[in-house]
Amino acid sequence: QVQLVESGGGSVQAGGSLRLSCTISGITFDTNAIGWYRQIPGKQRELVATISKSGSTNYADSVKGRFAISRDNAKNTVNLQMNSLKPEDTAVYYCNGDPPFADYYGSRYWGKGALVTVSS
């Protein structure tokens with residue numbers, strides 16, 4: 001059973017910073033690429049940042065230069081440092097594998113997410 005627990009969300013004014021953390025259990029953490037996703041109400045979930053098992057990173061154009069993803073394999077955690085936040089970054093943020101972890105039947109695991117609200 002895969003468990004994903006996100007933390008660190010909150011409310012911030014535009015231009016501010018937040019740091020999200022995620023702990024993942026039930027997998028061999030250091031052999032998997034991990035990503036941060038976000039979902040705005042009424043829209044599809046989108047992948048915003050990924051980090052490979054070797055530490056290579058990729059970002060969506062919308063967050064490039066502002067967000068930084070990192071991982072600590074010893075603690076099974078992945079972090080997302082978010083700087084220069086904009087109102088359009090307001091969303092629920094989720095961590096998961098890249099691609100997302102799924103059970104034998106293909107049902108994807110998701111945590112509860114972390115709500116980030118950026119006010120103008």
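Treat the numbers as computed from the prediction; the structure is a model and nothing was measured.
A 4.5 Å side-chain heavy-atom check between Val92 and Tyr37 finds every atom pair outside the cut-off. In this structure, Met82 and Leu20 have side chains that are in contact, with non-hydrogen atoms separated by less than 4.5 Å. Between Tyr93 and Cys22 the shortest side-chain heavy-atom distance does not fall below 4.5 Å.
Leu4 CG to Asn76 CG: the interatomic distance, rounded to the nearest 0.5 Å, is 11.0 Å. Taken to the nearest 0.5 Å, the CH2 atom of Trp36 stands 12.0 Å off from the CD1 atom of Ile51. Of the inter-residue distances, the one linking Asn32 atom CG with Phe101 atom CZ reads 4.0 Å to the nearest 0.5 angstrom. Arg19 contributes atom CZ, which lies 10.0 Å from atom CG of Asn83 (distance to the nearest 0.5 angstrom).
Side chain of Glu6 to backbone of Cys95: a donor-acceptor contact under 3.5 angstrom is found. Remark: side-chain polar atoms of Thr90 are paired, donor with acceptor, to backbone N or O of Val118 under 3.5 angstrom. In this structure, Asp72 contributes its side chain and Ala74 its backbone to a donor-acceptor pair below 3.5 Å. Without hydrogens or angle criteria, Asn96 side chain to Tyr109 main chain gives a donor-acceptor distance under 3.5 Å. Put simply, the side chain of Arg71 gets close to the backbone of Phe29: a donor and an acceptor are under 3.5 Å apart.
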What's the verdict on side-chain hydrogen bond (donor to acceptor under 3.5 Å, both in side chains) for Gln81 and Asn79, showing C-alpha distance, side-chain angles and the deciding distance?
CA-CA 6 Å; Gln81 178 67 41; Asn79 302 304; over 6 Å; no
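By the ring-ring contact (aromatic ring centres under 6.0 Å, His included) test, Tyr94 is found to be paired with Trp110, residues two or more places apart in sequence or in another chain being considered. Residues satisfying the salt bridge (Lys or Arg N to Asp or Glu O under 4.0 Å) test with Asp89, not counting sequence neighbours, are Arg38, Arg66. With sequence neighbours left out, Thr23 forms a side-chain contact (heavy atoms from CB on, under 4.5 Å) with Thr77.
Within 6.0 Å of atom CD in Gln13, 12 or fewer heavy atoms from other residues, nucleotides or ligands are found, so the atom counts as exposed in its surroundings.
At a threshold of 4.5 Å between side-chain heavy atoms, the hydrophobic network of Ile, Leu, Val, Met, Phe, Trp and Tyr places Ile34 and Val2 in one connected group. Side-chain heavy atoms closer than 4.5 Å link hydrophobic residues (I, L, V, M, F, W, Y) into clusters, and following such links, even through other members, never connects Leu47 to Val116.
The minimum heavy-atom distance linking Ile40 with Ala91 is given by the pair CG1-CB, 3.9 Å. Listed here is the closest heavy atom pair of Asp98 and Thr50: OD2-CG2, 3.3 Å. The two atoms that bring Ser120 and Ala14 nearest to each other are CA-CB, 4.3 Å, heavy atoms only.
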